[in-house]
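The structure appears below as structure tokens.
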Amino acid sequence: MGVMRMEITAWRRGPVLTALALLLGLVLGLHARIPNRVGNLGSLVETFLPWFGVFVPVLLVLAVRRRSPSAVVALLLPVAVWLHLFGGLLGDRSRPGGDLTVAGQNVGAGNADPAGTARGLARSGADVLALVEITPHALPTYEKELGTAYPHHAVLGTVGLWSRFPLSETRTVDVRMDAGPLGDAKPAAVKLPYNRGLRTTVATARGPLAVYVAHLGSARVNPRAGLSTGQRDAGARALGEAVAAEPNERVVLLGDLNGSMDDRAFTGLTSRLRSVQEQAGDGFGFTWPAAFPMIRIDQILVRGVRPLSSRVLPATGSDHRPVAATIGW
């Protein structure tokens, strides 16, 4: 009887740790049900969802120290859910071959070395190169440094595309940085200098490819208000609508979307486009901040083509890492 009592007592140890382990599993498994009504809590959780796995070893160490078998067993739930959500991202999913390489970067308005950034991007060997957050001061440098490798380019406001192939049907895409009656009343000429979205057709050797370049509004974390994403979410919806109306079956979207594709705010995009990193990358492909990337907010999404490889390129003078992908027809 004494041994049995000791075993029962052991299983009763660490009830708080057991509850925390179960709660962690529920947060991971039911993240889509966490409401956004207060501080966009659901989106905030989804933005950093992979990092919730860090709590597992922490709780495991505490459970072992507390000698709580119930807490150790309870940790099987978050482990299983995390592996279900992200286990497929741990290996290399790339395949050989491909018809076209695309790359993109938020080059940073405060970039002190745009020439070095341009040369680094050109060394990627990309056939199509998207840049966002281009400043009027840095634009001549990018045009000079990229002009030889990329004879065709289009820049509309703060976003641009450089290409080895001819471009046509280039136009702005409204990503709702001026939402509301006042913004709607502004003429196109007034909006153009700070425009943050474009669409063009690239005449590749395998046929026309619709390419979108976008820089969505920022997401800010405020201790009082939580995650502020109004402009970004409006831009994501506008992009989703633009892609839905796109007649070309082959589409590539590149840009700084200021959010993880786990965030429910991007459902309008992820329901129509596939992430090249999820399909053909190696690992999570985090891009920001460049010094120690913790989240992938710089995206390459596709439709009508096959993602064959995806990678994060070496850091440049920007606070974002560049991304590249090879696609096939």
Side-chain angles (χ1 to χ4, degrees), residues 94-108 111 113-134 138-139 141-156 159-168 170 198-215 250-257 273-277 279-282 285 287-288 290 293 296-318 320-329:
S94 64
R95 288 161 284 176
D99 298 302
L100 189 79
T101 299
V102 299
Q105 184 179 23
N106 179 329
V107 292
N111 192 331
D113 185 20
T117 294
R119 289 192 292 269
L121 291 171
R123 284 194 294 270
S124 71
D127 301 296
V128 175
L129 183 61
L131 276 59
V132 307
E133 210 167 287
I134 303 170
L139 177 57
T141 300
Y142 291 121
E143 292 178 324
K144 176 185 177 181
E145 296 294 338
L146 297 173
T148 301
Y150 302 95
H152 310 279
H153 83 282
V155 177
L156 295 176
V159 296
L161 191 77
W162 277 256
S163 172
R164 302 187 193 275
F165 305 102
L167 306 176
S168 64
T170 303
L198 71 78
R199 182 263 182 218
T200 191
T201 298
V202 180
T204 77
R206 298 297 301 273
L209 177 72
V211 177
Y212 287 75
V213 182
H215 181 196
R250 297 187 179 95
V251 178
V252 173
L253 166 62
L254 304 106
D256 173 9
L257 303 189
L273 302 170
R274 294 185 292 168
S275 164
V276 295
Q277 183 63 28
Q279 297 288 318
D282 184 3
T287 62
W288 183 88
R296 184 181 179 91
I297 62 175
D298 303 276
Q299 310 291 347
I300 303 177
L301 309 176
V302 300
R303 181 184 82 191
V305 295
R306 291 181 297 118
L308 296 175
S309 67
S310 175
R311 59 193 184 278
V312 177
L313 302 176
T316 67
S318 171
H320 293 245
R321 295 280 184 101
V323 293
T326 300
I327 58 176
W329 265 241

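The chain is numbered in sequence order, starting from 1.
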Could you check whether any side-chain heavy atom of [X] comes within less than 4.5 Å of a side-chain heavy atom of [Y], counting everything from C-beta outward?
{"X": "Leu161", "Y": "Val211", "answer": "yes"}
{"X": "Gln105", "Y": "Val323", "answer": "no"}
{"X": "Trp162", "Y": "Glu143", "answer": "yes"}
{"X": "Leu253", "Y": "Leu273", "answer": "yes"}
{"X": "Leu121", "Y": "Pro322", "answer": "yes"}
{"X": "Leu209", "Y": "Val252", "answer": "yes"}
{"X": "Tyr150", "Y": "Leu129", "answer": "yes"}
{"X": "Ile297", "Y": "Leu257", "answer": "no"}

Closest heavy-atom contact between [X] and [Y]?
{"X": "Ala280", "Y": "Leu308", "result": "CB-C, 3.5 Å"}
{"X": "Ala118", "Y": "Glu145", "result": "CB-CB, 3.5 Å"}
{"X": "Leu146", "Y": "Ala122", "result": "CD2-CB, 4.2 Å"}
{"X": "Leu254", "Y": "Gly104", "result": "CD2-N, 4.1 Å"}
{"X": "Arg321", "Y": "Pro314", "result": "CD-C, 4.3 Å"}
{"X": "Gly125", "Y": "Thr101", "result": "O-CB, 4.4 Å"}

Assess whether side-chain contact (heavy atoms from CB on, under 4.5 Å) is satisfied between Gln277 and Arg296, documenting all intermediate values.
CA-CA 10 Å; Gln277 183 63 28; Arg296 184 181 179 91; 3.5 Å; yes

Can you label the angle between the Trp288 ring and the His320 ring as parallel, tilted or perpendicular, going by 30° and 60°?
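Geometry flag for His320 against Trp288: tilted rings.
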
How long is the span from the [atom1] atom in [X] to the [atom2] atom in [Y], to the nearest 0.5 Å?
{"X": "Gln279", "Y": "Leu301", "atom1": "CD", "atom2": "CG", "result": "10.5 Å"}
{"X": "Phe165", "Y": "Asp127", "atom1": "CZ", "atom2": "CG", "result": "5.0 Å"}
{"X": "Arg119", "Y": "Ser124", "atom1": "CZ", "atom2": "OG", "result": "14.5 Å"}

Examine the side chains of Thr200 and Thr170 and answer whether a donor and an acceptor come within less than 3.5 Å of each other.
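Their side chains do contain a donor-acceptor pair, which is all the 3.5 Å distance test asks for.
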
Between the side chains of Thr117 and Asn111, is a donor N or O closer than 3.5 angstrom to an acceptor N or O?
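Side-chain D/A pair, Thr117 to Asn111: present.
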
Applying side-chain contact (heavy atoms from CB on, under 4.5 Å) to Val102 and Ile300, what does each step give before you reach the verdict?
CA-CA 9 Å; Val102 299; Ile300 303 177; 4.1 Å; yes

Under a 3.5 Å distance rule, please check whether [X] uses its side chain to pair with a backbone N or O of [Y] as donor and acceptor.
{"X": "Ser163", "Y": "Pro166", "value": "no"}
{"X": "Arg274", "Y": "Arg306", "value": "no"}
{"X": "Ser318", "Y": "Asn106", "value": "yes"}

Go through Trp329 and Arg250 one step at a time and tell me if the side-chain contact (heavy atoms from CB on, under 4.5 Å) criterion holds.
CA-CA 9 Å; Trp329 265 241; Arg250 297 187 179 95; 2.9 Å; yes

Start with the C-alpha distance between Arg311 and Thr326, add both sets of side-chain angles, then the distance that settles side-chain contact (heavy atoms from CB on, under 4.5 Å), and finish with yes or no.
CA-CA 9 Å; Arg311 59 193 184 278; Thr326 300; 4.1 Å; yes

